Number of protein chains: 2
Amino acid sequence: MNNRLRVLRAERAWSQQDLAERLEVSRQSVNAIETGRYDPSLPLAFRIADLFGMTIEDIFQNPSKETPQ
Amino acid sequence: MNNRLRVLRAERAWSQQDLAERLEVSRQSVNAIETGRYDPSLPLAFRIADLFGMTIEDIFQNPSKETPQ
DNA sequence: GCGATTTGTCAATGGTGCTTTCCATATGGG
DNA sequence: CCCATATGGAAAGCACCATTGACAAATCGC
């Protein structure tokens, strides 16, 4: 699943460690989500959306809607 | 995590089995999500939101925002 | 060059999403 | 009563989310 986490983090000049602490997850989890190795749980997706003041749909792209061509 | 799945399903007069088939998951998964035994994965949450033509936030309530009093 | 920071990734472990199978209860129609 | 449908849930298993700890490579300031 594509996501804009890396861009949102860069806009705020946060390291992966900074973001991990704000989300209360490990740095490795942040890295794995950014690099697309896995998707966050729904509760974690809500925490991410809350942190950036956005909706989940603003940050994560539904895989069934990726490049529909 | 609270969710409005049971209400949305009832509005359409679908059984849990009907909904499960539309989501391509087992009936037990639908039942477990409705009864709050576990939360769906993020990809499944997107499929649910798509099916009902809503956003994830319309259907699932962020646990950190439940009854903030 | 050296140390500190950042990022990517691996291994091992535990928790959970989702499955199939099975059982139980309730309801409604013949 | 019998049968089908709907719902709730337990058990076992698999795959994946998330953890800690470790290592390597790149960058930056001194």
Side-chain angles (χ1 to χ4, degrees):
Chain A
M1 182 176 300
N2 291 337
N3 71 72
R4 307 208 305 122
L5 208 53
R6 187 184 303 269
V7 171
L8 295 171
R9 182 172 63 80
E11 286 173 354
R12 288 155 182 79
W14 292 343
S15 68
Q16 290 181 347
Q17 181 63 42
D18 293 333
L19 177 55
E21 288 171 4
R22 290 169 198 264
L23 294 173
E24 297 182 304
V25 296
S26 69
R27 180 186 68 83
Q28 285 83 347
S29 290
V30 169
N31 181 272
I33 294 167
E34 282 194 1
T35 57
R37 278 186 292 130
Y38 60 68
D39 298 323
S41 67
L42 186 56
L44 178 52
F46 267 106
R47 297 212 301 279
I48 293 170
D50 283 353
L51 178 61
F52 291 109
M54 298 176 168
T55 66
I56 290 175
E57 285 81 0
D58 287 333
I59 300 174
F60 295 92
Q61 183 174 21
N62 186 340
S64 72
K65 290 185 171 174
E66 282 173 5
T67 61
Q69 181 69 356
Chain B
M1 182 176 300
N2 290 338
N3 71 73
R4 306 207 306 122
L5 208 52
R6 187 184 303 269
V7 172
L8 295 171
R9 182 172 63 81
E11 286 173 355
R12 288 155 183 78
W14 292 345
S15 68
Q16 290 180 349
Q17 181 64 42
D18 292 333
L19 177 55
E21 288 171 5
R22 290 170 198 265
L23 294 173
E24 297 182 302
V25 296
S26 69
R27 180 187 70 82
Q28 285 77 356
S29 290
V30 169
N31 181 274
I33 293 167
E34 281 194 2
T35 58
R37 279 186 288 128
Y38 58 69
D39 298 323
S41 67
L42 186 55
L44 178 52
F46 268 106
R47 299 213 301 279
I48 293 170
D50 283 354
L51 179 62
F52 291 109
M54 299 176 166
T55 66
I56 291 174
E57 286 81 0
D58 287 334
I59 301 174
F60 296 92
Q61 183 174 20
N62 186 341
S64 73
K65 290 184 170 176
E66 282 173 4
T67 61
Q69 181 72 356

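Throughout, a chain's letter reflects where its sequence line sits, starting with A, and its residues are numbered from 1. Because the structure is a prediction, the values reported are computed rather than measured.
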So, taking the atom named CZ in F52(B) and the one named CG in L5(B), what distance separates them when rounded to the nearest 0.5 Å?
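Nearest 0.5 Å value for the CZ-CG distance: 5.5 Å.
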Where the side chain of [X] is defined as all heavy atoms beyond and including C-beta, which of [options] is the nearest nucleotide?
{"X": "Y38(A)", "options": "dG8(C), dG8(D), dT19(D)", "result": "dT19(D)"}
{"X": "D39(B)", "options": "dG17(C), dC18(C), dG8(D)", "result": "dG17(C)"}
{"X": "S41(B)", "options": "dG8(D), dG17(C), dT7(C)", "result": "dG17(C)"}
{"X": "Q28(A)", "options": "dA18(D), dG8(D), dT19(D)", "result": "dT19(D)"}
{"X": "T35(B)", "options": "dT7(D), dT19(C), dG9(D)", "result": "dG9(D)"}
{"X": "R6(B)", "options": "dC18(C), dT19(C), dG8(D)", "result": "dG8(D)"}

Whole angstrom is fine here: how far is it from [atom1] in [X] over to [atom2] in [N]?
{"X": "L5(A)", "N": "dG8(C)", "atom1": "CG", "atom2": "P", "answer": "12 Å"}
{"X": "R27(B)", "N": "dG8(D)", "atom1": "CZ", "atom2": "P", "answer": "8 Å"}
{"X": "L19(B)", "N": "dC18(C)", "atom1": "CG", "atom2": "C1'", "answer": "15 Å"}
{"X": "E34(B)", "N": "dG9(D)", "atom1": "CD", "atom2": "P", "answer": "11 Å"}
{"X": "I48(A)", "N": "dC17(D)", "atom1": "CD1", "atom2": "C1'", "answer": "12 Å"}
{"X": "R12(B)", "N": "dA6(D)", "atom1": "CZ", "atom2": "C1'", "answer": "19 Å"}
{"X": "E24(B)", "N": "dG17(C)", "atom1": "CD", "atom2": "C1'", "answer": "17 Å"}
{"X": "R9(B)", "N": "dG8(D)", "atom1": "CZ", "atom2": "P", "answer": "7 Å"}

Under 4.0 angstrom between [X] side-chain N/O and [N] OP1 or OP2:
{"X": "N31(A)", "N": "dT7(C)", "answer": "no"}
{"X": "S26(B)", "N": "dT19(C)", "answer": "yes"}
{"X": "R47(A)", "N": "dA18(D)", "answer": "no"}
{"X": "Q16(A)", "N": "dG8(C)", "answer": "yes"}

Inset, instruction - Taking the side chain as every heavy atom from C-beta outward, state whether R37(A) and N31(A) have any atom pair closer than 4.5 Å. - result: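 They are in side-chain contact.
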If you define the side chain from C-beta out and look only at heavy atoms, does anything of I48(A) sit under 4.5 Å from F60(A)?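 In contact.
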- Query: Should we count CD of E24(A) as having more than 12 external heavy atoms under 6.0 Å?
  - Reply: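 Open: at most 12 neighbouring heavy atoms sit under 6.0 Å from CD of E24(A).
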| query | Salt bridge check: are R9(B) and E34(B) linked by an N-O gap of less than 4.0 Å? | reply |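 Yes, R9(B) and E34(B) are salt-bridged.
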Distance-only donor-acceptor test, R37(B) side-chain atoms vs dG8(D) base atoms, 3.5 Å:
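No such pair is found, so the answer is no.
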Nearest-nucleotide 5' precedence on DNA chain C, D18(A) against S29(B):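 The residue closer to the strand's 5' end, by nearest nucleotide, is D18(A).
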